[in-house]
Amino acid sequence: MWTLVLNSGSSSLKFALLNPASGEVRLSGLAERLGGGEATIRLERGGEKVSRSLGGGSYAEALNEVLRELDALGIRQEVRAVGHRIVHGGERFSAPVLLTPEVLDAVRACVPLAPLHNPANIVGIEAAQGAFPELPHVGVFDTAFHQTMPEVAYRYAVPQTWYRQHGVRRYGFHGTSHAYVAGKAAELLGRPLPELNLVTAHLGNGASVCAVAGGRSVDTSMGLTPLEGLVMGTRSGDVDPGLHDYLARQAGLSLSEITAALNKESGLLGLSGLTNDLRELEEAATKGHAGARLALDVFVYRLAKQVAGMAVALGRLDGVVFTGGIGENSRTVRAMTLRRLGVLGLELDEHANDHLPRGEAGVISKSVQKKSGQKKSGQGEARDPLALVIPTNEELMIARETAVIVGGRGYAL
Ligand code: ADP
């Protein structure tokens, strides 16, 4: 049995056909510049890569191309469900859900909370329901995992009516990734997830940390929108809320101009004046580029502060997990971050960090057993926390959650 996982952006559609039980991927790819006149689709099947033009491609045309591939692979009849990544589920969705017309209306009602993302998700869902009318479609929300956050973590100190009437609160994102790597960390450590207190750091172009207590999110760095928290590729992360008023007066910028700059011209790009790509920044920093050096330093400093803050949410810390393109690949960022986190009892294992094979999970800190005097009764051996690298797999998580909703059997989460 196969599940088609779709992630639709404002002009792109990412797709993957997976077996939720084994994780095997039969087909994957990305359609880009949809609706822009020069759409292309890239496909990968069995190690073979092809790229085609989609003309003035729409989402429907991209999905037709996927359908043709499924036919060519002779696998179309074995596809049981379609899983959709949806960015914002507001307070309404705390779990994946079958996408009925009523549910789609509720997703539409969340558009004001994610005006950049949810409309694109909805376009993708409608196109996919047209292309695969006979299959169940399931929505998996980026925000759902964080609905377990306590009020103390999700409320802002703003007038109550803003929360009650307009839903102004912290929601958090990247939930699928945080949940997945927390589960994988428990497997790697050989300990039950319900007993573990972890901070997971998803570091890609977007970046967030999450405090995961016993498999449940209890705090996270992103908020009402994905702009809050860490320094990201082009997003600022936390700034003073007084900044908008100041810049409007001083620079004559409009609210939307400021918001666009905070989303698209800030973060690593803004600080370095060079690029949002961390790998390029590392190279430039090595060659002495001051902006690149500063961008790396601020990125790491803010990340370390957030991780330490999340430890407060957990009380006891068992592990810090690095994931996402940066977390999985940048030993520099991991080393710089861990060097700042000695206060939490984390000690970098340089050899393990430098030699972790690409794409693999592993422990990159030294395990120092605490002295028996520090052992707390009833809590077993007190251990220093470990730092781990765990490759994320949001597509697999979405495929599994989709399979569970449509009644698949034996897909352990
Ligand atoms: P997205 O959030 O778009 O899915 P990714 O998770 O793919 O992004 O992460 C992209 C980031 O990962 C980029 O900043 C990129 O430079 C960084 N990255 C990827 N590979 C490496 C590497 N080998 N070393 C350092 N950074 C890397």
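This is a predicted model, so every value here is computed, not measured. All ligand and atom numbering here is 1-based and tracks the order in the structure.
In this structure, a donor-acceptor pair under 3.5 Å is present between the side chains of Arg358 and Asn329. No donor-acceptor contact under 3.5 angstrom links the side chains of His88 and His117, judged on distance only.
Distances below 4.0 Å separate heavy atoms of Asn205 from the following atoms of ligand 1: 1 (P), 2 (O), 3 (O), 8 (O), 9 (O). In the vicinity of Ser330, heavy-atom distances shorter than 4.0 Å reach the ligand 1 atoms 25 (C).
With respect to atom 13 (C) of ligand 1, the closest heavy atom belonging to the protein is Leu278 N, 4.0 Å. Closest to atom 21 (C) of ligand 1, if we only count protein heavy atoms, is Asn329 CB, 3.3 Å. In this structure, atom 11 (C) of ligand 1 lies nearest to the protein heavy atom Ile326 CG1, 3.7 Å.
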Run the side-chain donor-acceptor check on residues 53-60: report pairs under 3.5 Å with partners two or more places apart or on a different chain.
| from | atom 1 | to | atom 2 | distance (Å) |
| --- | --- | --- | --- | --- |
| Ser53 | OG | Gly55 | N | 3.2 |
| Ser58 | OG | Ala60 | N | 3.4 |
| Ser58 | OG | Glu61 | N | 3.2 |
| Ser58 | OG | Glu61 | OE2 | 3.4 |
| Tyr59 | OH | Gly9 | O | 2.4 |
| Tyr59 | OH | Ser10 | O | 3.2 |

Please list, one pair per line, the donor and acceptor atoms closer than 3.5 Å that link side chains of residues 149-156 to other protein atoms, with sequence neighbours excluded.
| from | atom 1 | to | atom 2 | distance (Å) |
| --- | --- | --- | --- | --- |
| Glu151 | OE2 | Arg155 | NH1 | 2.9 |
| Tyr156 | OH | Leu224 | N | 3.0 |
| Tyr156 | OH | Glu228 | OE1 | 2.4 |

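Looking at Gly204 next to ligand 1, no N or O pair under 3.5 Å apart turns up. Of the N or O atoms in Gly325, one or more lie within a sub-3.5 Å distance of an N or O in ligand 1. When only interatomic distances are considered, the shortest N/O to N/O separation between Asp277 and ligand 1 falls below 3.5 Å.
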Start with the C-alpha gap between Glu350 and Arg339, add the side-chain angles, then the distance that decides, and say whether salt bridge (charged side-chain N to carboxylate O under 4.0 Å, His left out) holds.
CA-CA 10 Å; Glu350 282 189 38; Arg339 286 197 192 104; 3.7 Å; yes

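Heavy-atom distances between Gly206 and ligand 1 reach below 4.0 Å in at least one pair. For Arg358, the closest heavy-atom approach to ligand 1 falls below 4.0 Å.
Salt bridge annotation for Asp71-Arg68: absent, with no cationic side-chain nitrogen under 4.0 angstrom from a carboxylate oxygen. Taking 4.0 Å as the cut-off between side-chain N and carboxylate O, Glu394 and Lys14 do not count as a salt-bridged pair.
Under the 4.0 angstrom criterion, atom 1 (P) of ligand 1 counts as having a protein heavy-atom contact.
Between the side chain of Arg334 and the backbone N or O of Glu328, at least one donor-acceptor pair lies under 3.5 Å.
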